[in-house]
Amino acid sequence: MTRSIALIDCNNFYVSCERVFRPDMAGWPVVVLSNNDGCVISRSNEAKALGVHMGEPWFKLRSFAEQHHVEVFSSNYALYADMSNRVMSVLSGFSPLQEIYSIDECFLDLTGMHDIGNTGFAIRQRIWDWLSMPVCVGIASSKTLAKLANHVAKKHPKSRGVFDFNALNDKQLASVLSHIDVREVWGIGRNLTVSLNGMGIDCVQQLKDADITMMRRKFGVVMEKTVRELRGEACLDLDDIAQPRQQIVSSRSFGNTVTALEDLEDAVTHFVSTAAYKLREQQSVAGMLMVYARTDRFSHKKQYMPSISLPLVYPSANTMTLVALAKAGVQQIYQAGYAYKKAGVILGDISAQGITQKDLFFDHTATDKLMETLDSLNMRYGRNMIRVSGTTKERKWAMRQEHKSQDYTTSWSGLPECR
DNA sequence: TCTCCGATTAGAC
DNA sequence: CTAACGGTCTAATCGGAGA
């Protein structure tokens, strides 16, 4: 039986999240900015039509945006994560096999269900009715094709938001794939597009028809799988069990550069706290901590981007242990006289909590209990209610966020009536 | 010469 | 007035160090 894999993708997700609570902005150009109000990371269709590009720096766009009455929001990740959970939860009602691929999209295995075309429309309708979130649905026999089907659903109004490749005959499918640029294929990025174009491969159908042995030799396993998937041969399984992350990163560009060691220490303390919390959430411990800092990469001044890797004798998820280590690291890499624009920490060598080798003298009970208590207090009374103390009173490094919306769904004070 | 491992590259969103 | 350009994650590959 041909597999029917659906890829459900929210339309302009961050913008749509903001609009759920600002229905007055329907039909208006709206953009959401990255952290630090740096650049555009989500655009409404109206903003796209005005020629606002993905990744465009806000400072370059600002006056144009004001002139054309583009509404702008800073990123509100608490809101987007919460909306994502709701969307995923509703979608899980349509199939027992769901892979949450990213914050705004998931795969559902619909194989064997009857009237799959109508299921696509039902999914779209329910997410709209229950959550006011617009989504598009692509259906096909492999994940890579499902992604392309979704692309078609997004681009062509005639599809009314749902497109099923399995409902086409060979000739129709070939015609559709001949009209899609090869760069739209999942896994074909900027560089591969240039290489493929150089070989005369411009549309998806040409990639599908390419010689597998040659493609494998030239580009490797991933490309081979991509070509096979385009032919309808499912090489990528639906991963319905979320794997623990192998690496956890917490980093930020600063709203303003900092020069003092204590400001860097303060920032790093904050980053370690965030990363260690995520580590405990997935019940892991880290065996390696890397700390880095860097000057402004867009400035013409002399660049400095030190980093240091610090192994942990006993892998840990204890915020205080990790903060102490990270601070020692910052002190080692810090050089006076530079204006630091960004810093971050990376937790690596991650393993499952409770399986690592410890020796006779290692006593973990006291501190781990403390972390549990800290996490449950913060869960109950709000993130950062209890935290490891920083080194400075004032966060000189805090990011810019001049257009942030309320925490509509995650905080009582964010409800419009309570303002 | 081989293997391991950290660094780099490429891609996704 | 000026300066202002994101964050997390994975897999594959490269290249140097040490066995």
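Numbered from 1 within each chain, the chains take letters A, B, ... in sequence-line order. Computed over heavy atoms, backbone and side chain alike; hydrogens, waters and symmetry mates excluded.
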Open item on the list: Base, sugar-phosphate or nothing for Asp37(A)? Non-hydrogen atoms, less than 4.0 Å.
Closed with: nothing

Task: Distance below 4.0 Å between Arg190(A) side-chain N/O and dA12(B) OP1 or OP2 - done: no

- [ ] Whole angstrom is fine here: how far is it from OH in Tyr101(A) over to P in dG11(B)?
- [x] 13 Å

TODO: Let me know, please, whether Pro244(A) or Gly55(A) comes out on the 5' side of the other along DNA chain C by nearest nucleotide.
DONE: Gly55(A)

Task: Trp58(A)-dC5(C) aromatic stacking (under 5.5 Å, under 30°) - done: no

TODO: Pick base, sugar-phosphate or nothing for Asn36(A), based on heavy-atom distances below 4.0 Å to the nucleic acid.
DONE: nothing

Task: Asp211(A) side chain vs Met214(A) backbone, donor-acceptor pair below 3.5 Å - done: yes

Task: Arg19(A)/Glu46(A) ion pair, N-O < 4.0 Å - done: yes

Task: Value in whole Å for how far the C1' atom of dG6(B) lies from CD1 of Ile346(A) - done: 12 Å

Task: Proximal nucleotide (of dT8(C), dG11(B), dA11(C)) relative to the Val249(A) side chain - done: dT8(C)

- [ ] Using side-chain contact (heavy atoms from CB on, under 4.5 Å) as the criterion, point out the one residue from His403(A), Met25(A), Glu18(A) that pairs with Glu71(A).
- [x] Met25(A)

- [ ] Quick one: label Ile188(A) by what it contacts on the DNA or RNA (base, sugar-phosphate, nothing), any heavy atom closer than 4.0 Å.
- [x] sugar-phosphate

- [ ] Under 4.0 Å between any heavy atoms, over every strand shown, what does Ser250(A) touch: base, sugar-phosphate, or nothing? Just pick one.
- [x] sugar-phosphate

TODO: Starting from the 5' end of DNA chain C, give me the residue, Gln246(A) or Phe298(A), whose nearest nucleotide shows up first.
DONE: Phe298(A)

Task: Nearest-angstrom distance from the residue atom NZ of Lys225(A) to P of dA10(B) - done: 20 Å

Open item on the list: Assess, by modelled atom type and distance only, whether the side chains of Gln303(A) and Arg297(A) contain a donor and an acceptor separated by less than 3.5 Å.
Closed with: no

- [ ] Select base, sugar-phosphate, or nothing to describe what Leu33(A) touches, counting heavy atoms under 4.0 Å on all strands.
- [x] nothing

Open item on the list: So does Tyr304(A) get a backbone contact from the side chain of Thr295(A), meaning a donor-acceptor N/O pair under 3.5 Å?
Closed with: yes

TODO: Would you classify Val185(A) as touching base, sugar-phosphate or nothing, given that sugar-phosphate means primed atoms plus P, OP1 and OP2, and contacts are heavy atoms under 4.0 Å?
DONE: sugar-phosphate

Open item on the list: If I take atom CZ from residue Arg395(A) and atom CG from residue Asp266(A), how far apart are they, to the nearest 0.5 angstrom?
Closed with: 7.0 Å

TODO: Would you mind telling me which of dA11(C), dG7(C), dT8(C) lies closest to the side-chain atoms of Arg245(A)?
DONE: dT8(C)

- [ ] To the nearest Å, give me how far apart CD (Glu105(A)) and P (dG11(B)) are.
- [x] 17 Å

Task: Ile333(A) CD1 to Tyr340(A) OH distance, which is reported to the nearest 0.5 Å - done: 7.5 Å

Open item on the list: So if I take every side-chain heavy atom of Trp186(A) and compare against dA12(B), dC5(C), dG6(C), which nucleotide ends up nearest?
Closed with: dA12(B)

Open item on the list: For Tyr292(A), is there any backbone N or O sitting under 3.5 Å from a side-chain donor or acceptor partner on Ser307(A)?
Closed with: no

Task: Side chain of Tyr77(A) (C-beta onward), nearest among dC5(C), dT8(C), dG6(C) - done: dG6(C)

Open item on the list: Without decimals, in angstroms, what is the distance between Leu7(A) CG and dA12(B) P?
Closed with: 13 Å

Open item on the list: Which nucleotide wins on minimum distance to the side chain of Gln247(A), given the candidates dT10(C), dT8(C), dG6(C)?
Closed with: dT10(C)

TODO: Please determine, for the side chain of Cys39(A), which listed nucleotide (dC5(C), dC9(C), dA12(C)) has the closest atom?
DONE: dC5(C)

- [ ] Would you indicate, yes or no, if dG7(C) has its OP1 or OP2 atom less than 4.0 angstrom from a side-chain nitrogen or oxygen of Ser75(A)?
- [x] no

TODO: Without swapping roles, check the side chain of Ser44(A) against the backbone of Trp28(A) for a donor-acceptor pair under 3.5 Å.
DONE: yes

Open item on the list: I need the residues from residues 228-242 of chain A with at least one non-hydrogen atom less than 4.0 Å from DNA chain C; give them sorted by number, or say none.
Closed with: none

Task: Dot-bracket pairing map - DNA chain C, Watson-Crick plus G-U, both contacts under 3.5 Å, | cross-strand - done: ......|||||||||||||

Open item on the list: Nearest whole Å is fine: how far is dT10(C) P from Gln243(A) CD?
Closed with: 10 Å

Task: Distance below 4.0 Å between Ser253(A) side-chain N/O and dG7(C) OP1 or OP2 - done: yes

Task: Value in whole Å for how far the P atom of dC5(B) lies from CE of Met290(A) - done: 18 Å

- [ ] Give the nucleotide from the list dC5(C), dG6(C), dT8(C) with an atom nearest to the side chain of Lys341(A).
- [x] dC5(C)

TODO: Please check the phosphate of dT8(C) (OP1 and OP2 only) for any side-chain N or O of Arg252(A) closer than 4.0 Å.
DONE: yes

Task: Separation of dT8(C) P from Tyr14(A) OH (nearest whole Å) - done: 11 Å

Open item on the list: For Ser405(A) and Asn76(A), which I'm curious about, is there any donor-acceptor pair between the side chains at under 3.5 Å?
Closed with: yes

Task: Closest to side chain of Val221(A), choosing from dA12(C), dT10(C), dC5(C) - done: dA12(C)

Task: Nearest-neighbour nucleotide for the Asp296(A) side chain, dG7(C), dC5(C), dG6(C) considered - done: dC5(C)

Task: Reference residue Val185(A); test side-chain contact (heavy atoms from CB on, under 4.5 Å); the match among Thr193(A), Ile180(A), Thr226(A), Val227(A) - done: Thr226(A)

- [ ] Just call it for Arg62(A): base, sugar-phosphate, or nothing, with non-hydrogen atoms closer than 4.0 Å on any strand.
- [x] nothing

Open item on the list: Between Asn191(A) and dA10(B), is there a contact of a side-chain N or O with OP1 or OP2 at under 4.0 Å?
Closed with: yes

Task: Donor-acceptor pair, side chain of Ser95(A) and main chain of Gln98(A), under 3.5 angstrom - done: no

Open item on the list: Please tell me if Lys342(A) has a side-chain N or O lying less than 4.0 Å from either OP1 or OP2 of dG7(C).
Closed with: yes

